[in-house]
Amino acid sequence: MELESLYRPHGVEERWQRTWEDEGLYRADADDPRPTYVIAVPPPNVTGALHMGHALNGSIQDALIRLHRMQGYNTLWQPGYDHAGISTQAVVERELREQGTSRFELGREKFVERVWEWLHEYGGIIMGQFRRLGCSLDYERERFTMDDGYVRAVMRFFVHLYERGWLYRDNRIINWCSDCRTSISDLEVEYIDVDDALTYARYPLMNGEGSVTIATVRPATILADVAIAVNPDDERYTHLIGKEAIVPVVERRVPIIADERVDPSFGTGALKVTPGHDPIDFEIGRDHNLPELTVIGFDGRMTGDIPPEYDGLTEDEADELVVQWLRDHDQLEKRESYRHAVGHCERSGTRIQPLVSLQWWCDMKEMAAPAIEAIETGRVRFHPPVQNRVALDWLKSIRPWNVSRQLWWGHQLPIWYCPDGHVICSETEPDACTECGSRTLTRDEDVLDTWFSSALWPFATLGWPDDTPDLRRFYPGDVNSTAREIIFLWEARMIMAGLELMRDIPFRDVIIHSTILAADGRRMSKSLRNGIDPIDLIDEHGADATRYGLLRMSSTQDVRFSAQSIEEGRRLANKLWNASRLLLMGGEADVELRQSSLEERWILARIDATRAELERDLAAFDFAHAAERLYHLTFDDFCDWYLESIKPRLSEPDVRATAFAALERLLKLLHPIMPHVTEEIWSHLPNRETRLIVAPWLESTGEFAAELNALEDAQTAARIYRRSGVRINVSGDAKRIFEAVVRPTENGQGDVEAERTRLAKEIQRSEKMLANEKFVANAAPDVVEGERQKLAQFRAELDALGN
RNA sequence: GGGCGCGUAGCUCAGCGGGAGAGCACUCGCUUCACACGCGAGGGGUCGCUGGUUCGAUCCCAGCCGCGCCCACCA
């Protein structure tokens with residue numbers, strides 16, 4: 001068979017992707033009695049496309065899945081999508097806007113239909129892109145957080161929490177995004193530094209004895225002021241506590257109160273209290289029974305009980321009007337520029353408006369406790385371990401979760417109200433009010449936070465709330481791999497939900513992988529246009545090279561994208577291809593260990609040792625070292641040493657048979673990271689009975705392990721001699737290896753002197769250390785002994801050079 | 001404001017108490033019959049700075065100087 005000298009991944013990769021899937025090799029079966037290995041893919045947004053994070057994470061998960069599949073586990077990699085409430089609704093709303101209409105014109109029912117249509121046409125492309133990466137998900141099991149079964153799971157979860165008494169409805173201050181037109185959770189708020197003006201305004205005292213000055217960045221909210229607060233220990237103001245002041249513009253009389261939350265060092269030390277539009281003020285207001293006035297509406301415009309000229313203004317316009325009023329009434333002390341962090345909506349980038357609003361909340365305290373216990377006892381482990389503490393810190397100070405969203409796309413709350421004000425929580429639509437029998441029920445308009453349903457992913461995808469064979473077989477899973485920013489939003493909540501509903505952790509290990517930054521060190525982003533599309537990488541270098549490169553550059557911390565790593569992967573695939581060609585061109589042969597010459601025993605021992613190291617790397621989720629190790633094994637050990645040494649004897653069938661056996665082992669080790677090129681080569685090897693993807697992993701042989709160390713010492717020595725160009729005499733089997741490596745340098749001489757100098761320096765350093773009594777006395781005995789041995793070896797080497 | 005992490009060869013990163021490493025890039029030599037996406041040989045680093053602990057510090061501790069991330073109610 002004619003094989004090109006340049007490995008071309010295109011065509012080859014697609015062919016194997018189709019074959020593997022068509023032959024059902026990705027499939028997991030609940031009836032398969034072997035031990036299970038389960039990963040549920042973090043469900044990507046149904047509207048999204050594959051980005052670098054997905055590609056890295058896909059490479060990580062697939063490497064683990066393929067390893068375990070070969071190791072004989074009943075392996076399930078669960079695929080699927082998240083309905084991504086806000087993003088998806090925003091995408092469809094944008095399209096409607098372009099068509100000159102809106103969701104309000106369509107109405108809720110038509111709008112939701114429209115979203116489904118949009119998704120059928122444009123959504124759900126990522127699973128195809130995962131296939132292109134070679135990811136061996138069990139695609140037939142694809143789930144969606146809005147499919148019928150999943151909706152049932154979400155309803156059950158909500159009702160469960162309601163019956164537990166953890167869900168409640170309350171008027172509290174929330175983060176309102178006037179662009180998305182919904183509340184968002186604290187975790188979805190991003191703080192960005194903003195240049196604002198700090199306005200100092202004088203509030204006259206009711207008793208006419210002067211005024212008190214406050215500082216604010218939001219003058220418009222003065223209209224909603226209901227008090228002035230000072231720190232009880234602030235002597236400048238103690239005499240004012242209990243008195244009254246007059247709010248500018250609206251001329252409202254408000255009390256001056258004392259509260260420890262006021263920082264005397266900020267501004268003037270006096271705080272205007274606006275419970276309707278500020279989170280701290282809200283807390284202060286609740287504690288002092290203050291009214292919660294609203295002057296900014298859900299559309300971001302001025303509203304409520306305010307002077308008519310303010311009605312409908314934007315906040316900025318109202319700010320200016322208030323400042324002008326202050327100026328006109330000589331109550332503006334000063335304005336100064338002020339830079340501070342302001343919350344913005346993570347998705348739309350809009351400045352968050354803190355608003356008081358009636359929302360559903362979930363108290364998380366009781367659910368957090370078992371999750372804390374699971375992490376503290378190590379039943380769930382984050383990798384790298386520093387993330388255990390990050391998760392614990394958050395769980396230990398967990399706050400109520402605002403679970404309702406004012407959207408139409410999502411899981412509508414299973415809550416109905418009757419005219420008498422009774423609340424019915426039910427998985428299915430009730431016929432009548434359970435308390436008063438009223439039949440005119442109205443369902444709560446809100447939908448649930450997207451992450452509410454994501455929390456159920458590890459078991460809702462397996463059929464929960466039904467007791468299915470899949471659920472019994474594949475829960476709990478083993479690993480979950482994700483990006484750092486998802487630890488609280490998703491990981492913590494899956495652990496809590498799993499422990500609450502399934503009474504067991506959803507997985508044992510959580511991998512927090514690198515964020516791959518752009519080459520300039522900033523985050524890849526659409527607006528910066530510094531992103532790299534993984535599909536372009538696959539098109540250019542192949543999926544194997546892309547997978548290898550991403551794993552090679554990954555780390556426990558953020559890394560800059562390295563095109564070199566991808567190229568390294570491409571070279572590795574090519575090298576492997578050509579090494580295989582060398583053997584295949586030698587003609588037919590069996591695949592069998594026939595010979596046991598020294599170099600053959602050596603490569604088999606190297607492969608076995610690398611297998612053990614690779615298993616350790618992967619068990620520690622250290623993919624970068626795993627990749628590096630495989631590169632070294634292929635290039636240095638297999639090609640440069642082993643193949644070079646047997647080349648002259650390749651015409652012997654026994655030599656080829658043994659070489660095929662070694663190659664076979666090498667391919668197995670590489671397959672989890674570079675599945676396509678290895679499967680392709682495998683298919684060309686003689687007598688293939690099975691696909692590589694399901695071929696059994698290498699057993700630990702321990703073969704020739706004892707010889708390995710001695711041989712490697714010999715190699716090292718050989719390298720030194722080669723460097724110095726000196727021929728040496730060896731006997732027996734070792735001679736062949738030595739002859740392979742100990743060639744005279746070009747002029748037959750080499751720089752013996754340089755090597756002597758190097759050794760002399762080492763000897764001097766070592767002697768000095770051993771002469772140091774404190775070293776010999778204080779250092780660990782094995783360290784001292786090691787140093788003695790090194791010294792002996794240096795001396796021996798110097799002798800061998802013939803000084 | 002609190003916490004975490006990072007500053008090691010030109011670049012991207014390993015190493016984290018006892019001889020400074022890898023890949024790429026660079027220099028030199030090889031159209032050797034698997035691969036020039038190759039082979040061989042090299043050059044290149046006061047391991048951010050300053051102190052401390054130690055027989056010994058790139059590695060541990062403290063303080064600075066840079067860079068990044070997370071959390072947080074300073075209006």
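Naming convention: chains lettered A, B, ... in sequence-line order (proteins, then strands); numbering from 1 in each chain. Treat the numbers as computed from the prediction; the structure is a model and nothing was measured.
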[X] [atom1] to [N] [atom2]: how many Å, rounded?
{"X": "A/L643", "N": "B/rU32", "atom1": "CG", "atom2": "C1'", "answer": "16 Å"}
{"X": "A/L663", "N": "B/rA34", "atom1": "CG", "atom2": "C1'", "answer": "12 Å"}
{"X": "A/D636", "N": "B/rG38", "atom1": "CG", "atom2": "P", "answer": "13 Å"}
{"X": "A/D622", "N": "B/rA14", "atom1": "CG", "atom2": "P", "answer": "10 Å"}
{"X": "A/L576", "N": "B/rG38", "atom1": "CG", "atom2": "P", "answer": "13 Å"}
{"X": "A/E644", "N": "B/rC35", "atom1": "CD", "atom2": "P", "answer": "11 Å"}
{"X": "A/L582", "N": "B/rA34", "atom1": "CG", "atom2": "P", "answer": "6 Å"}
{"X": "A/Y631", "N": "B/rC35", "atom1": "OH", "atom2": "C1'", "answer": "12 Å"}

Side-chain donor-acceptor pair under 3.5 Å between [X] and [Y], yes or no?
{"X": "A/Y338", "Y": "A/D195", "value": "no"}
{"X": "A/S514", "Y": "A/Q557", "value": "no"}
{"X": "A/T274", "Y": "A/K272", "value": "yes"}
{"X": "A/E680", "Y": "A/H684", "value": "yes"}
{"X": "A/R581", "Y": "A/N578", "value": "yes"}

Taking only side-chain N and O atoms of A/K647, does any of them lie within less than 4.0 angstrom of OP1 or OP2 on B/rA34?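 True: A/K647 side-chain N/O within range (under 4.0 Å) of B/rA34 OP1/OP2.
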Below the 4.0 Å mark, does B/rA36 have OP1 or OP2 next to a side-chain nitrogen or oxygen of A/K575?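 For B/rA36, neither OP1 nor OP2 has a side-chain N or O of A/K575 closer than 4.0 Å.
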[atom1]-based separation of [M] from [N] [nearest Å]:
{"N": "B/rC35", "M": "B/rG43", "atom1": "C1'", "result": "27 Å"}
{"N": "B/rC16", "M": "B/rU58", "atom1": "P", "result": "15 Å"}
{"N": "B/rC64", "M": "B/rG1", "atom1": "P", "result": "13 Å"}
{"N": "B/rA20", "M": "B/rC33", "atom1": "C1'", "result": "41 Å"}
{"N": "B/rG15", "M": "B/rC47", "atom1": "C1'", "result": "10 Å"}
{"N": "B/rA36", "M": "B/rG17", "atom1": "P", "result": "43 Å"}
{"N": "B/rG44", "M": "B/rA9", "atom1": "C1'", "result": "6 Å"}
{"N": "B/rU8", "M": "B/rA41", "atom1": "C1'", "result": "25 Å"}

Return yes when atom CD of A/E260 has more than 12 non-hydrogen atoms of other residues, nucleotides or ligands closer than 6.0 Å, and no otherwise.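 No.
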Is A/E767 atom CD crowded by more than 12 heavy atoms from other residues, nucleotides or ligands, each under 6.0 Å away?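 Yes, the 6.0 Å shell around CD holds more than 12 heavy atoms from other groups.
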Side chain of [X] - closest among [options]:
{"X": "A/S555", "options": "B/rG18, B/rA14, B/rC39", "value": "B/rA14"}
{"X": "A/R581", "options": "B/rC39, B/rC35, B/rG3", "value": "B/rC35"}
{"X": "A/R571", "options": "B/rA14, B/rC39, B/rC24", "value": "B/rC24"}
{"X": "A/A779", "options": "B/rC4, B/rC55, B/rA34", "value": "B/rC55"}
{"X": "A/D640", "options": "B/rC39, B/rC24, B/rG18", "value": "B/rC39"}
{"X": "A/N778", "options": "B/rA34, B/rC37, B/rC55", "value": "B/rC55"}

In plain terms, say whether A/R523 and A/E485 are close enough for a salt bridge, that is, a side-chain N and a carboxylate O under 4.0 Å apart.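 Salt bridge present between A/R523 and A/E485.
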Under-4.0 Å salt bridge between A/D617 and A/R629: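 Here A/D617 pairs with A/R629 in a salt bridge, since their nearest N and O are under 4.0 Å apart.
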What is the nucleic acid contact for [X], judged by heavy atoms within less than 4.0 Å: base, sugar-phosphate only, or nothing?
{"X": "A/A573", "answer": "nothing"}
{"X": "A/E762", "answer": "base"}
{"X": "A/L572", "answer": "nothing"}
{"X": "A/F638", "answer": "nothing"}

Parallel, tilted or perpendicular for A/F638 and A/Y642, by the 30°/60° rule?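 Tilted: the ring planes of A/F638 and A/Y642 meet at 30° to 60°.
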Identify whether NZ of Lys or CZ of Arg in A/R493 sits under 6.0 Å from the centre of the six-membered ring of A/W401 and within 45° of that ring's axis.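 Yes, cation above the ring, under 6.0 Å and within 45°.
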Check nucleotides 7-12 of chain B against the protein and report each pair of N or O atoms closer than 3.5 Å, with its distance, or say if there are none.
unit_1	atom_1	unit_2	atom_2	d
B/rU12	OP1	A/R560	NH1	3.3

Looking at side-chain heavy atoms only, is the closest gap between [X] and [Y] below 4.5 Å?
{"X": "A/V230", "Y": "A/L271", "answer": "no"}
{"X": "A/V273", "Y": "A/D225", "answer": "no"}
{"X": "A/W682", "Y": "A/E664", "answer": "yes"}

Between the base of B/rA25 and the side chain of A/E567, is there a donor-acceptor distance below 3.5 Å?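 Checked by distance alone, the answer is no.
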Summary of protein contacts for nucleotides 69-75 of chain B, nucleotide by nucleotide, where a base hit scores B, a sugar-phosphate-only hit scores S (4.0 Å, heavy atoms): S-SSBBB
Assuming nearest nucleotide by heavy-atom distance, tell me which of A/R570 and A/A780 is located more 5' along RNA chain B.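 Its nucleotide being nearer the 5' end, the pick is A/A780.
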Identify the stems formed by RNA chain B, where each pair is Watson-Crick or G-U wobble with both distances under 3.5 angstrom and a stem is at least 3 consecutive pairs.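 Expected stems, ordered by start: B:1-7 with B:65-71, B:10-13 with B:21-24, B:26-30 with B:38-42, B:48-52 with B:60-64.
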